[in-house]
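Take a look at the structure set out below.
Order of the sequence lines sets the chain letters (A, B, ...), proteins ahead of strands, with each chain counted from 1.
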2 protein chains.
Amino acid sequence: MPSSGLEREGGRVGIREVAEAAGVSTTTVSHALSGRGKVSAATADRVRTVAELLGYEPNRLASALRNRRSGVLGFVSDEIATTPFAGRIVLGAQEAASSAGMTLMVVNTGRDPVVEARQIEVLRAQQVDALLYATMFHRITPAPRGFASGPVVMVNSSDPDGRSASIVPDERRIGREATALLLEAGHRRIVHLTIDEAVPAVEGRSAGHREAMVGAGLEPVVVAVEGPGDAAAGRRAMVRALAAHPDLTAVFVFNDPMSMGVYQDAFHRGRSVPGDLSVVSVDDLELISAQLLPGLTTFELPHYEMGSWAVEQAVNLIGEPGRAASSVSARCRLVRRGSVARPRD
Amino acid sequence: MPSSGLEREGGRVGIREVAEAAGVSTTTVSHALSGRGKVSAATADRVRTVAELLGYEPNRLASALRNRRSGVLGFVSDEIATTPFAGRIVLGAQEAASSAGMTLMVVNTGRDPVVEARQIEVLRAQQVDALLYATMFHRITPAPRGFASGPVVMVNSSDPDGRSASIVPDERRIGREATALLLEAGHRRIVHLTIDEAVPAVEGRSAGHREAMVGAGLEPVVVAVEGPGDAAAGRRAMVRALAAHPDLTAVFVFNDPMSMGVYQDAFHRGRSVPGDLSVVSVDDLELISAQLLPGLTTFELPHYEMGSWAVEQAVNLIGEPGRAASSVSARCRLVRRGSVARPRD
DNA sequence: CTGAAAGCGCTAACAT
DNA sequence: ATGTTAGCGCTTTCAG
């Protein structure tokens, strides 16, 4: 920050210039600045002052080359532009990396295996110390091939054979807790609106729902429509649900876009949320959940936390080859807005 | 990709191992692989084959150190987690960088000047060749201080004194074209719904709207409510607009979240979109625009294009100190969905 | 057309 | 406590 005017006396100032100006060797400068070797407090101080005065800034490339450690984490994501999910993961990763003195190098694969391979190669060439492999939707997918130079941790996806560290949302728990919320509000005629894809998010939430219903002595009813899980799917699901169960009072919806469709259907029928229909959802896409009227009560997917956990994990694993790779399910926070109430009857 | 099994004969394979295996010097390998020096076709071929066989991968850090060019672009964004905008900019930047053989190092400032300064320092220490400075909302803001080692290009924001290269959306044109669209559909009683913030997006769109209205011999009417520009603001604006102009047939809305509020208001009044009310908007946040019923006709903000343009610009500027920094306004594409129709009367 | 050698900026044995 | 020195892996004069 201080612009002493002394900076850059005819060229970039490196450790050598500092050494010269302080009247010591480069070794001493290195030691003084890193605090590693033994340097007298006096010289250390002088070196630091001189360095600051000269506006010295270490060249991390040079030290990376020497240390065989770049201080850079490779972040590969399958998709970055469609939802704010990617941003939340990146942000979490970003901030954790920053606290660990590391930086993120971000690449995107667009879910193309060829691009993925090429991008991982780029990251490897940049000597990244670890690889974060993030997917925007919870999936089970093999860990990326071709990165052997350090730990790999998967974010929002997991390895079929659980060999890589990974963190995913606890889907089943979401299902249980969402249903419990409705149950506690006094609902009995609850239906779960979802899509029929064989992915962990669908299966987990559904399983959790069934579990909670059965636990309450109720018959679970699940309406699964063809995906993708958007507002149109939500409308279709609602139509089918009401056809079969005209007296339902609450729905647990797979995700926020579908919930938006549920609201649309309710409006068209002149039924009010939450007066005539309570809804709990999953995602907390604020663009939807906070803008809907009434606000949507929904479980936040823990993208930020998954990103930061993954970085912490990766950082701990760097340099410890055989460390146990832990796989974690993250609990999801409920964001209460206005879409759940006691049933009328 | 080929796993010959010969790779890593007891350690990382570098240019030296390749040289040895091919029976030439490291110089020749370097020349052969980069195509720069003069090497006979035969040796060049042999070197390439051997390199591939050994699974050789250049260490970009080493070459960066030597070349004083890292091949890395610093990407600093003010906010990355709330909208998909950031993702689109990053994606555009990402892909352009990739085609130019460069990589992106992403940092986030959370709009905190202290964090910003620190992050830029980190980027500088990583020897990034250029800096991209992106904001998620179009603003006028001074170019970042403290980066003198290469070009800076601003994305979605511009320098008050226009010294840095920058690209922003052509807001005024959006205003003109949106209004023209409504005019062409036959509307006359049009109101512009916006917020009262002194930012280029608000002012530009509004100016364009007035221009188009005046050009059509109509009196422009603008309803600006207090921000932020969310669904609630859209509802408030709609209430005020209808109070003053009960017979309006179309609205040009500042952004998609506000348009969502406009839809909500219309539903509550039992008026249909686009039957009773046409709406044109700006953003193309697909989470909203494609999920509303009917789909929202809206101008897409050119985030992807801005990201890629910025990278191309930066790449061209690297190594050309005194090059002219161009500032550009990007035209925005209209995405037609179902929210505009001819007026009833 | 090919190779020897210097050096990018930093760190860490190994002296002193 | 401080300095000498040898590299990290690559590129590039400059000689041959």
Side-chain angles (χ1 to χ4, degrees), chain A residues 8 10-48 50-51 54-72 101 124-129 149 319, chain B residues 8 10-48 50-51 54-72 101 124-129 149 319:
Chain A
R8 349 173 86 263
R12 207 142 254 73
V13 11
I15 203 173
R16 200 156 50 214
E17 285 67 37
V18 177
E20 205 159 328
V24 296
S25 75
T26 60
T27 307
T28 306
V29 175
S30 178
H31 284 169
L33 261 29
S34 70
R36 257 186 282 273
K38 267 132 232 309
V39 186
S40 76
T43 28
D45 241 40
R46 186 157 40 90
V47 168
R48 271 192 293 270
V50 171
L54 259 43
Y56 167 71
E57 287 185 25
N59 181 333
R60 296 217 50 166
L61 254 43
S63 86
L65 183 59
R66 175 67 232 230
N67 294 333
R68 309 163 131 284
R69 191 139 299 171
S70 63
V72 178
R124 218 169 23 193
Q126 295 283 357
Q127 313 299 117
V128 299
D129 295 334
S149 17
Chain B
R8 349 172 84 263
R12 206 142 254 72
V13 12
I15 203 173
R16 199 156 51 213
E17 284 67 37
V18 177
E20 204 159 328
V24 295
S25 74
T26 60
T27 309
T28 304
V29 175
S30 178
H31 284 169
L33 261 28
S34 71
R36 256 188 281 276
K38 267 131 232 313
V39 186
S40 75
T43 26
D45 242 40
R46 185 156 42 89
V47 169
R48 271 192 293 269
V50 171
L54 259 42
Y56 167 70
E57 286 185 26
N59 180 332
R60 295 217 52 168
L61 254 41
S63 85
L65 184 60
R66 174 69 230 229
N67 294 332
R68 307 162 132 286
R69 191 138 299 171
S70 62
V72 178
R124 220 169 20 194
Q126 295 282 358
Q127 312 299 115
V128 298
D129 295 333
S149 19

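- At least one donor-acceptor pair closer than 3.5 Å links the side chain of Ser34(A) to the backbone N or O of Ser30(A).
- Closest heavy-atom contact between Val39(A) and Ala32(A): CG2-N, 3.8 Å.
- Residues Ser70(A) and Gln127(A) approach most closely at OG-O, 2.7 Å, considering heavy atoms.
- In this entry the distance linking CG of Leu33(B) with P of dT2(C) reads 14 Å, nearest Å.
- Five base pairs at each end of the helix from dC1(C)-dG16(D) to dT16(C)-dA1(D) define two local axes, and these are offset by 40° (rounded to 10°).
- Computed from coordinates, the Gln126(B) CD to dC8(C) P distance equals 20 Å when rounded to whole Å.
- Scored by the side chain to side chain contact (heavy atoms under 4.5 Å, CB included) test, Arg16(B) finds Thr26(B) as partners (sequence neighbours excluded).
- Between the CZ atom of Arg69(B) and the C1' atom of dC8(C) there is a distance of 14 Å, given to the nearest Å.
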* Test log, rule side-chain contact (heavy atoms from CB on, under 4.5 Å), inputs Val47(B) and Leu33(B) -> CA-CA 8 Å; Val47(B) 169; Leu33(B) 261 28; 3.8 Å; yes

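- The two residues Tyr56(A) and Val13(A) come nearest to each other via the heavy atoms CD1-O, 3.5 Å.
- When atom types are taken as modelled, the side chain of Asp129(B) and the backbone of Gly71(B) share a donor-acceptor pair closer than 3.5 angstrom.
- Scanning all heavy atoms of the two residues, the minimum distance from Val50(B) to Ala21(B) falls at CG1-CB, 3.6 Å.
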* Classify every nucleotide of nucleotides 9-16 of chain D by which part a protein heavy atom approaches to under 4.0 Å, writing B for the base, S for the sugar-phosphate alone and - for neither, in 5'-to-3' order. => BBBB----

